[in-house]
Amino acid sequence: MERGLLWLPLLAMFFWLAWQGSREYQKVEAYRAWAEQFERAKYDIYSVLGQKGNSITWGKPTPQGPIKLETFSLINVQEIHLLVDGKLINIENLPKKGSSIELEFVFSQSTDSVRVPFTEIPLAAEWAKFLNLGLANWRSQTNE
């Protein structure tokens, strides 16, 4: 009898882990369907991000699909910064770790900015490089 009572918490933990795994799988599948409309997309536990042309859409992943979606145009972006623990980071000299990793989009017409959270510094740096390159290409085309 005592052995059965000792295994009960372990059994409860197993069911909780299985339930959490199922929820994460549902999030990934909902993201996959959502991401088909974009040229480039990313998923992590903090946010989803999609790019199609000059439009950037981001939101929070849930098992039912992304929520709190916001869309803005790269045309309105003045600068893109990589922030780690709230500090501006040079993309060429990345820190090994950080607790808060974000891409900050600073707009030219507004004092507001958009911060998209990431879980990994290298992934955020790759997105920052790619989007900065796209922004520079767009600006060079409009100045010609």
Side-chain angles (χ1 to χ4, degrees), residues 5-144:
L5 292 175
L6 291 174
W7 284 100
L8 192 58
L10 186 59
L11 183 62
M13 179 65 86
F14 172 76
F15 281 114
W16 180 79
L17 284 173
W19 178 74
Q20 288 292 83
S22 172
R23 285 182 46 87
E24 195 60 35
Y25 177 77
Q26 289 171 347
K27 284 183 188 180
V28 171
E29 288 302 310
Y31 159 77
R32 189 176 317 212
W34 175 81
E36 289 176 356
Q37 62 186 315
F38 298 103
E39 297 165 3
R40 183 177 168 113
K42 81 98 177 164
Y43 168 86
D44 66 31
I45 60 173
Y46 294 133
S47 66
V48 293
L49 180 70
Q51 183 221 358
K52 184 173 186 180
N54 286 330
S55 294
I56 302 289
T57 302
W58 75 282
K60 181 176 173 26
T62 67
Q64 294 76 32
I67 61 169
K68 299 181 182 175
L69 293 173
E70 293 182 33
T71 301
F72 59 89
S73 175
L74 276 177
I75 295 168
N76 300 326
V77 173
Q78 183 177 1
E79 294 179 317
I80 301 170
H81 299 142
L82 174 60
L83 303 175
V84 176
D85 296 332
K87 297 176 185 166
L88 185 63
I89 299 298
N90 180 356
I91 294 176
E92 303 305 322
N93 188 16
L94 297 174
K96 299 278 187 229
K97 58 183 174 177
S99 59
S100 171
I101 305 152
E102 298 170 316
L103 271 188
E104 180 182 41
F105 297 88
V106 180
F107 298 103
S108 54
Q109 301 294 325
S110 171
T111 58
D112 294 336
S113 65
V114 170
R115 290 185 175 189
V116 179
F118 279 74
T119 54
E120 299 176 8
I121 294 172
L123 180 62
E126 288 294 320
W127 271 89
K129 286 178 188 176
F130 177 79
L131 293 174
N132 273 319
L133 182 64
L135 194 58
N137 287 341
W138 178 81
R139 285 185 179 149
S140 68
Q141 289 174 359
T142 57
N143 290 335
E144 290 177 356

Indicate the atoms forming the closest heavy-atom contact of [X] with [Y], along with that distance.
| X | Y | answer |
| --- | --- | --- |
| P61 | V48 | CB-CG1, 3.9 Å |
| A30 | P66 | O-CD, 4.4 Å |
| K42 | S47 | NZ-OG, 2.8 Å |
| R115 | W58 | O-CH2, 3.6 Å |
| G53 | Q51 | O-NE2, 2.9 Å |

What is the ring orientation for W127 with F118, classed by angle as parallel under 30°, tilted 30 to 60°, or perpendicular over 60°?
->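 W127 vs F118 ring planes: tilted.
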Spacing of [X] atom [atom1] and [Y] atom [atom2] [to the nearest 0.5 Å]:
| X | Y | atom1 | atom2 | answer |
| --- | --- | --- | --- | --- |
| L83 | I121 | CG | CD1 | 11.5 Å |
| E126 | I91 | CD | CD1 | 9.5 Å |
| F107 | S113 | CZ | OG | 7.5 Å |
| L74 | I56 | CG | CD1 | 4.5 Å |
| K60 | T62 | NZ | OG1 | 8.0 Å |
| L49 | L123 | CG | CG | 9.0 Å |

Quick check: does any side chain N or O of E24 sit under 3.5 Å from a backbone N or O of Q26, one acting as donor and the other as acceptor?
->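 No; judged by distance alone, with no hydrogens or angles, the pair does not exist.
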Is there a donor-acceptor pair closer than 3.5 Å between any side-chain N or O of T57 and the backbone N or O of G50?
->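 Not confirmed, T57 side chain does not pair with G50 backbone.
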Hey, are the side chains of H81 and V106 touching, using non-hydrogen atoms and a 4.5 Å cut-off?
->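 Yes, side chains in contact.
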Residue from Y43, Y25, F38 passing ring-ring contact (aromatic ring centres under 6.0 Å, His included) with Y31 =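 Exactly one candidate clears the test, Y43.
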Given side chain to side chain contact (heavy atoms under 4.5 Å, CB included), test W7 with L10 step by step and report yes or no.
-> CA-CA 5 Å; W7 284 100; L10 186 59; 2.9 Å; yes
Short N-O contact, E39 and K52, less than 4.0 angstrom =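 No, E39 and K52 are not salt-bridged.
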If we ignore angles and hydrogens, is there a donor and acceptor under 3.5 Å between the side chains of D85 and S99?
->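 Yes - a donor-acceptor pair under 3.5 Å links their side chains.
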Apply side chain to side chain contact (heavy atoms under 4.5 Å, CB included) to the pair L82 and I101, showing each step before the final yes or no.
-> CA-CA 8 Å; L82 174 60; I101 305 152; 4.3 Å; yes
